[in-house]
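By convention in this document, chain letters (A, B, ...) are assigned in the order of the sequence lines, proteins followed by strands, and residues within each chain are numbered from 1. These values consider heavy atoms only, across backbone and side chains, with no hydrogens, waters or symmetry-generated copies.
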Amino acid sequence: MSAVVTRSTPASRVAMVLGLVALVVLAAAPWWAGRADMRLMGEIYLYLSLACLWNLMAGYAGLVSVGQQAYVGFGGYMLFALTVFAGLNPVVAILAGGLLAAALSVPIATLIFRLKGAYFAIGTWVVAEVFRLSFAQIQALGGGSGSSLPVAVVKELGAKKAAREANAYWLALGAAVVVLASVYLFLRSRRGLALTAIRDSETAASGLGIDIWRTKLEVYVVTSAFTAIIGGLIFLQKLRISPDAAFSVNDWTAFVIFIVVIGGIGTLEGPIIGTLLFFALREVLADFGTIYLMVLGLVAIVVMLKAPKGVWGLIRERYDLELFPLSYRVKGKE
Amino acid sequence: MPEATLTLSNLDAHYGDFQALYGLDLELAAGEVVAVIGANGAGKTTLMRSISGLLRNRPDAVRYRGQPIGAMRADQVAALGIALVPEGRQLFPSLSVEENLMIGGKVGRAGPWDLGKVYELFPILEERKAQASTSLSGGQQQMVAIGRALMANPDLILFDEISLGLAPVVIRQIYQALPSIVGEGMTAMIVEQDIAQALAMSSRVFCLMEGRIALEGRTEDVTHDQITAAYFGVEA
């Protein structure tokens, strides 16, 4: 007679069913939602993806970067460069941008991984600024004032506007699903176990044969690639790019950190809750101008002081819930 | 004397300006169990950190089976077959008992130790395998830390203060399990403040004082007075 050990919980099984139903409903949005709603939902999916990726880096690998806008902007610019100059299909260009970002992230990592803690964070920001200043020098891509995606390229996504918008929407939804699923499966794998071990105790993990530098590098490279792909999708929706918009620390890092912190860092559910809260606040406070940013700051401070594990941390402690089962539980006797 | 498993030659260790170890020379034969004793701050944990790669050194300050490993990273040292049961246990709180053990097996060295054998040694861990490692008692956590190191199938195992903070009855329980571990032909170094337990397990003893070896000898040869003198730095 032995106890049955399981990862899934009733809540996680319900969450999976509800998640699949929600996915079907969301995938059908082009038939039931208006244009503005679809645009907003697309934006939500892309922010959710960025938050999941930043959470994997900061919450699990301990790489607190404030320079992920480097890869968002790089992915955006690669969409423009590869479609305009190499004649690639926009979707192919976005994926190629992801691969190029992965290649670029390796030398950057060897440089910034020498820095620890706050110095690492500042280092990532410096890298992002170098990216912004460099792309502002490229006149073929509009220099400092930026450029728009040519109509011919835009039409490759669909001949009619409705088809284009639906395709862009599905790409954003698909990206969010792929990112969420990849992060979840990675954390459940043996490598994910090693990553969690590193987060808990670097000393013990390295003493057990885990190559910390290499594990963190893998996370950094994969995160950079996905972040660049999301960047490409963001600017596929915007259809216009400029260095300031592409490498904005506010839009692509500060808001993302806000989402992860209020949702719950180091959990998979946190970024989902955080994204929903962020967009709810944004929609409610949209008419108040700069007060909106002050309220966001206030919310972040209150959450950090009163609930350091975020809103999801509060819910989990109160109800012992886990929607993405990563830990084992004893179910009872067989 | 059989081939040396571990050789320390003129090993110094520093934390910034502070020197913690002064020119240590030490040799461990294969299959030997030695005890390292000493007061707080004598350099015992620094010695463990230096051997296991957590503190880097000159390459030839630490040799393992003749190979210079002093400058290697901890994960490279672990892959060669040196496992550390760290002071304070340092379990992974986010992981279950079994996951903690599985991390130990990550170096993928072949040998007798697997999950089944660790559970045979510490049956309580099998009952608790799905629990968060931090929900266990101190003694059970120490069993996880030992089991985790064994999962790596090391040839040399370093125990750092395994009895620290544990109740006497639990310490006895853990020490009762040690002979079946080191009986597998493993070389072991036991760092302890509980001198009686350490001496009972080992064939040789080293006493550290202020970063230097103050006493070295076969366990049966050293007298209580010698140990007291070396431990406290005063004549008994």
Per-residue contact mode, B:Arg89 against chain A (heavy atom under 4.5 angstrom) =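 Neither part, no heavy atoms under 4.5 Å.
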
Quiz prompt | Atom group of B:Ile103 that falls short of 4.5 Å from chain A, counting heavy atoms | solution =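 Both the backbone and the side chain of B:Ile103 come within 4.5 Å of chain A.
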
Sidechain N-carboxylate O distance under 4.0 Å for B:Asp160, B:Arg49: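 Looking at B:Arg49 together with B:Asp160, the answer is no, because their closest N to O distance does not fall below 4.0 Å.
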
### Side-chain ion pair, B:Asp75 and A:Arg214, N-O less than 4.0 Å
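Salt bridge flag = no for A:Arg214 with B:Asp75.
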
Which residue out of [options] racks up the most heavy-atom pairs below 4.5 Å with chain A?
options: B:Ile82, B:Leu91, B:Leu95, B:Leu84; value: B:Leu95
options: B:Ala149, B:Ser52, B:Pro93, B:Gly108; value: B:Pro93
options: B:Gln76, B:Arg148, B:Glu126; value: B:Arg148

Is there a donor-acceptor pair under 3.5 Å between the side chain of B:Asp60 and the backbone N or O of B:Pro68?
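No; judged by distance alone, with no hydrogens or angles, the pair does not exist.
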
Any donor-acceptor N/O pair, A:Thr124 side chain to A:Val66 backbone, under 3.5 Å
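Yes: the side chain of A:Thr124 pairs with the backbone of A:Val66.
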
Residue A:Arg190 versus chain B: region with a heavy atom under 4.5 Å =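 Contact with chain B: backbone and side chain both.
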
Passes side-chain hydrogen bond (donor to acceptor under 3.5 Å, both in side chains), B:Ser163 versus B:Asp194? Steps please.
CA-CA 7 Å; B:Ser163 65; B:Asp194 187 332; 4.6 Å; no

